[in-house]
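Data first, discussion second: the structure below is written as structure tokens.
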Amino acid sequence: MPACASCHGDSGGGNAEGGFPRLSGLAEDYLAHELDSFADGSRDHEIMGPIAQGLAPEERRALAVFYAGLRAPPPDGTPQPDDTAYDRGRMLAQTGEWTKALPACAQCHGPAGQGVGAAFPPLAGQPAAYLAAQLSAWKAGTRHNDPLGLMKGIADRLSDDDATAVAAYYAALPVTAIGGGR
Ligand code: HEC
Ligand code: HEC
């Protein structure tokens with residue numbers, strides 16, 4: 001079993017280049033739900049599946065407690081928000097698109113993408129490639145672990161360009177909720 005830190009960083013801050021998400025400061029129940037989802041296959045992933053299956057349920061919970069309690073490191077090298085894809089992403093994130101029946105992401109993920117409670121994870125500062133991969137996974141059906149299928153319905157209405165744009169927008173937002181995911 002490789003150390004979590006080898007991919008997710010020493011303090012769980014993630015790795016933008018590798019596309020590894022930040023774990024530090026995410027809500028304990030969210031983290032536990034994701035590890036359980038990797039283990040039961042409702043979130044199908046070739047790396048995280050075997051890792052989560054190799055952990056006992058109480059170990060998955062203990063890791064969730066650990067990462068929820070870590071402080072999120074300050075954002076490092078976040079992309080500069082200046083191109084048109086970013087503007088399109090900001091519009092989708094903050095306003096949504098009525099003609100596509102697309103709600104604003106901010107309605108659930110918070111006005112700054114900081115996450116809301118245990119159900120709605122933060123998007124701010126997560127690697128763009130990671131965020132886009134999640135949207136593709138919902139479209140393809142390889143991630144189907146979300147309550148009420150909320151994200152599947154949304155991802156299906158995003159074109160690939162829009163998914164890329166909104167991922168770029170959130171990746172460039174600073175991590176505002178420092179620490180205290182618990
Ligand atoms: C070899 C690299 C690697 C290692 C080691 C690794 N992970 Fe991951 N992890 C990933 C990748 C890649 C993803 C993104 C998966 C996806 O796209 O769905 C991920 C995603 C996650 C997520 C989902 C985060 C979110 O925002 O939904 C959690 C939770 C997680 N890992 C926990 C762990 C824990 C705990 C360990 C150690 C027991 C660990 N990982 C070890 C590569 C790794
Ligand atoms: C109606 C509420 C709702 C709206 C609106 C919403 N989401 Fe989500 N989103 C969720 C929920 C719930 C989850 C967590 C699913 C789970 O439990 O794994 C989630 C998870 C995610 C994740 C995975 C994060 C991670 O760490 O793995 C991404 C990426 C995401 N949403 C992007 C978006 C984008 C982009 C939009 C706007 C286009 C959006 N969401 C709008 C409810 C929503």
Side-chain angles (χ1 to χ4, degrees), residues 1-9 12 14-15 17-39 41-56 59-68 70 88-97 100-110 113 115-140 142-159 162-171 173 181:
M1 161 93 47
C4 317
S6 64
C7 294
H8 292 284
N15 177 326
E17 271 179 31
F20 303 124
R22 170 171 68 92
L23 306 179
S24 57
L26 270 59
E28 175 188 327
D29 283 348
Y30 174 76
L31 290 168
H33 175 242
E34 298 315 301
L35 289 170
D36 291 348
S37 300
F38 287 125
S42 59
R43 191 171 167 183
D44 185 12
H45 195 265
E46 54 181 354
I47 296 172
M48 282 307 303
I51 288 175
Q53 279 153 19
L55 295 164
E59 292 174 316
R60 297 200 288 267
R61 176 56 71 167
L63 283 159
V65 170
F66 173 70
Y67 279 112
L70 285 186
R88 172 78 183 150
R90 180 171 53 194
M91 202 275 284
L92 291 167
Q94 298 298 344
T95 313
E97 196 156 53
K100 289 186 182 168
L102 204 54
C105 318
Q107 279 181 18
C108 292
H109 291 281
V116 178
F120 306 109
L123 306 178
Q126 291 288 31
Y130 171 75
L131 296 172
Q134 302 316 304
L135 296 168
S136 308
W138 271 301
K139 274 196 200 180
T142 52
R143 181 169 176 175
H144 51 92
N145 66 336
D146 49 324
L148 307 173
L150 289 175
M151 278 306 304
K152 167 74 175 158
I154 288 166
D156 279 345
R157 276 176 251 139
L158 285 173
S159 69
D162 281 351
T164 304
V166 77
Y169 170 75
Y170 277 115
L173 283 190

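Note that ligands are numbered from 1 as they come in the structure, with each ligand's atoms numbered from 1 the same way.
Proximity of Leu123 to ligand 2, defined as any heavy-atom pair under 4.0 Å, is confined to the side chain (atoms from C-beta onward). Contact annotation for Met151 and ligand 2: only side-chain heavy atoms (C-beta onward) come within less than 4.0 Å of the ligand.
By the 3.5 Å distance cut-off applied to N or O atoms, Gln126 is not counted among the residues near ligand 2. Of the polar atoms of Tyr130, at least one N or O is found under 3.5 Å from an N or O of ligand 2, judged by distance alone.
Of all protein heavy atoms, the one closest to atom 9 (N) of ligand 1 is His8 NE2, 2.8 Å. Ranking protein heavy atoms by distance to atom 16 (C) of ligand 2, first place goes to Glu34 OE2, 3.4 Å. Given atom 33 (C) of ligand 1, the protein heavy atom at minimum distance is Met48 CE, 3.3 Å. Of the protein's non-hydrogen atoms, the one nearest atom 36 (C) of ligand 2 is Cys105 SG, 2.7 Å. Annotation: atom 2 (C) of ligand 2 to nearest protein heavy atom, Cys108 SG, 1.9 Å.
At a threshold of 4.0 Å, the pair Arg143-Asp44 does not count as salt-bridged, since none of the basic side-chain nitrogens sits closer than that to a carboxylate oxygen.
Under a 4.0 Å heavy-atom criterion, Gly19 is not in contact with ligand 1.
If you check each of Cys4, Ala3, Ala62, Ala64 against atom 38 (C) of ligand 1, the one with the closest non-hydrogen atom is Cys4. Of all the listed residues (Arg157, Gln94, His109), His109 holds the heavy atom that lies closest to atom 21 (C) of ligand 2. Distances from atom 42 (C) of ligand 2 to the heavy atoms of Phe120, Tyr170, Trp138, Tyr169 put Phe120 nearest.
Leu173 approaches Gly113 most closely through the heavy-atom pair CD1-N, 4.5 Å.
Remark: side-chain polar atoms of Asp146 are paired, donor with acceptor, to backbone N or O of Met151 under 3.5 angstrom.
Here Cys7 fails the criterion, with no N, O or S atom under 2.8 Å of atom 8 (Fe) of ligand 1.
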